[in-house]
There are 2 protein chains.
Amino acid sequence: MRILIVEDDANLNRQLADALKEAGYVVDQAFDGEEGHYLGDAEPYDAVILDIGLPEMDGITVLEKWRGDGKTMPVLILTARDRWSDKVAGIDAGADDYVAKPFHVEEVLARIRALIRRAAGHASSEIVCGPVRLDTKGSKATVRGVPLKLTSHEFRLLSYLMHHMGQVVSRTELVEHMYDQDFDRDSNTIEVFIGRLRKKIGNDLIETVRGLGYRMQAPGNGN
Amino acid sequence: MRILIVEDDANLNRQLADALKEAGYVVDQAFDGEEGHYLGDAEPYDAVILDIGLPEMDGITVLEKWRGDGKTMPVLILTARDRWSDKVAGIDAGADDYVAKPFHVEEVLARIRALIRRAAGHASSEIVCGPVRLDTKGSKATVRGVPLKLTSHEFRLLSYLMHHMGQVVSRTELVEHMYDQDFDRDSNTIEVFIGRLRKKIGNDLIETVRGLGYRMQAPGNGN
DNA sequence: CGCGATTCTTCCGAGTCGCTTACGATCGTT
DNA sequence: AACGATCGTAAGCGACTCGGAAGAATCGCG
């Protein structure tokens, strides 16, 4: 999962980025509205953390531009505690959530989890696919109750696949969400990781759709 | 749009209900956890406003029960300003949003709007033609519930035909939409693929209109 | 009924795609 | 400094897809 932070306070920005990376996300950072707007337009993020008060371009404006361009990724707004009218404006501009400053980092994490989960259409913090359970809250996964020992990239891969269960996910999509900006597109890294993951969770859960990508689905689930 | 309010403070409950009705929603009210849980289970709501501190049954518990039963309607949690850990718990239990008390009613309205808007975005894209179902989002198709194993070109062909159901689609039209610009026009590739597709989905679904092209239509559909 | 045009089917080689295995580089830890 | 774990690249191999060709089948028309 790849996340964009748009926040001019360098300290706060770093603090959030660290916590998110710690939690296993891929993080891109922007420090003013223009940069943020550009990145959000150009790269496919699973969620965005957007400050309202920004140099160059106001957060609300950035958001409105994105929405006007048809961008639908979930956006979490950061706002000053007393500016509640900003919140309403932000939400009506297409924000999915907000957090008032000052906040606890854990809260931001929980809300990001919820946004990503919700964007994928899941109600609870646990996603189940056949024998595999993914605990988005604890960043853990089990097969038939047995905890899986996954490396960080394997977990990211599994997580993205399970958040898009039933859908075919292309290799480029996976690359874009597992790595930040520049990554050598033509290499077989994804194939290798799919292989490693299959070895750990069983072969029949990740179906390969030739020419298109991969699809995760409980086996024997007609349709 | 029908909304459930679960809130033990009668005053607050009525205040919210009034504002929501004013905004054009249909509102049901519950004043303790058990009643709320029962209603949320039995009736189809487009959104729920749920207080955390409730008599009879805690709000988090209510929510967990709903989610455990597969209920996925968006839930907005009401929580005391200083109990931020409640928020995290609530969000991880499957809440979609929260508002801290005391709140501005406009804010609740804005968030309900956002929740309903977002929940509406999850309609699955499916085209049906007789026994054939095409899930464009999941890149898969079924015949009578049996999953089809299609190659990427076969899928593209089927997809184009189903998107133009009832219309006659010419060979050149198909070529132009399945391949990039220059492709050897005089080859029988399309015929071959039509044949392969018919073999998989049944012969009577794709009608050939001599001299013009092909038409997809549910069989026994006069004309 | 017969002929030409169109469409269907079958077959097969070429090329692509994806899986596996092995190896070297890097990083963090002991 | 050495070790283990993790990650990315490369190469070989097997399987599958694609598309062309040729002959069979079908249709429309006179």
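A quick note: this is a predicted structure, and the numbers were derived from the prediction, not measured. Just so it is clear: chains get the letters A, B, ... in the order the sequence lines come, proteins before strands, and each one is counted from 1.
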N/O (side chain, [X]) to phosphate O (OP1/OP2, [N]) under 4.0 Å:
X      : N      : result
B:T151 : D:dC16 : no
A:T208 : C:dC19 : yes
B:S187 : D:dG19 : no
A:S152 : D:dC7  : yes
A:Y214 : C:dC19 : yes
B:Y179 : D:dC18 : no

- Query: With no hydrogens and no angle check, is any side-chain donor or acceptor of B:R156 less than 3.5 Å from a backbone partner on B:M178?
  - Reply: yes
- Task: List the steps and the verdict of side-chain hydrogen bond (donor to acceptor under 3.5 Å, both in side chains) for A:Y98 and B:E107.
- Result: CA-CA 11 Å; A:Y98 75 85; B:E107 189 174 338; 2.3 Å; yes
- Item | Side-chain ion pair, B:D96 and A:R118, N-O less than 4.0 Å | yes
- Query: Using 4.0 Å as the upper bound for N to carboxylate O, is an ion pair formed by A:E7 and A:K101?
  - Reply: yes
- Task: Give the nucleotide from the list D:dG20, C:dT16, D:dC27 with an atom nearest to the side chain of A:R210.
- Result: C:dT16
- Where does the angle between the aromatic ring planes of B:H177 and B:H164 fall among parallel (under 30°), tilted (30 to 60°) and perpendicular (over 60°)? tilted
- Message: Tell me whether the rings of A:W66 and A:H37 are parallel (<30°), tilted (30 to 60°) or perpendicular (>60°).
- Response: parallel
- Message: Is it the case that D:dG19 (base atoms only) and B:R196 (side chain only) share a donor and an acceptor within less than 3.5 Å, ignoring hydrogens and angles?
- Response: yes
- Query: Could one point to a donor on the side chain of A:N188 or the base of C:dT20 with an acceptor on the other under 3.5 Å away?
  - Reply: yes
- Task: Return the angle between end axes of the helix from C:dC1-D:dG30 to C:dT30-D:dA1, with five pairs used per end and rounding to 10°.
- Result: 30°
